[in-house]
Visitor: 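The following block contains the structure, expressed as structure tokens.
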Amino acid sequence: MREIRRQLLQAQRDLQSRYEAPQDLIDRLRSEGKSMSEIEGALFEMNRLKGVYESVETALRILES
């Protein structure tokens with residue numbers, strides 16, 4: 001259990017470091033001259049990361065209960 005918890009905590013930290021707020025992401029990509037389809041793809045990927053992060057948080061809560 002400790003190893004699973006350790007790995008989940010590491011995954012949580014990694015995902016937190018990669019997450020960017022949607023508006024910040026849009027602003028950054030626009031300033032880089034990205035196309036609308038590239039921005040949409042990046043938003044889709046960011047939403048996937050957020051979903052994985054939430055799943056990791058749920059798993060940690062289950063382990064702690």
Visitor: With a 4.5 Å heavy-atom cut-off, do R30 and I26 have their side chains touching?
Guide: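 Yes, close enough: below the 4.5 Å cut-off.
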Visitor: Taking C-beta and beyond as the side chain, do E64 and R5 meet within less than 4.5 Å on heavy atoms?
Guide: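 With C-beta onward as the side chain, the pair touches.
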Visitor: Between S35 and E38, is any side-chain donor less than 3.5 angstrom from a side-chain acceptor?
Guide: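 Yes, side-chain donor-acceptor contact under 3.5 Å.
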Visitor: Just checking, is any N or O donor in the side chain of E3 or Q7 under 3.5 Å from an acceptor N or O on the other one?
Guide: yes
Visitor: Just verifying a value: how many Å separate M1 CE and I4 CD1, rounded to the nearest 0.5 Å?
Guide: 6.5 Å
Visitor: Below 4.5 Å, heavy atoms only, C-beta onward: do K50 and M46 meet side chain to side chain?
Guide: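 Not touching, per the 4.5 Å side-chain cut-off.
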Visitor: Output the distance between atom CZ (R18) and atom CG (L49), rounded to the nearest 0.5 Å.
Guide: 4.5 Å
Visitor: What is the minimum heavy-atom distance between V56 and L8, and which atoms define it?
Guide: CG1-O, 3.4 Å
Visitor: How far does CG of N47 sit from OH of Y19, to the nearest 0.5 angstrom?
Guide: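 So the CG of N47 and the OH of Y19 are separated by 7.5 Å.
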Visitor: For R13 and Q10, which I'm curious about, is there any donor-acceptor pair between the side chains at under 3.5 Å?
Guide: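 Side-chain D/A pair, R13 to Q10: present.
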Visitor: Please round to the nearest 0.5 Å and tell me the distance separating atom CD1 of I62 and atom CD of E57.
Guide: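 Separation between the atoms: 12.0 Å.
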Visitor: Nearest 0.5 Å please: distance from the CD atom of E40 over to the CG atom of L29.
Guide: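 Going from the CD atom of E40 to the CG atom of L29 covers 11.5 Å.
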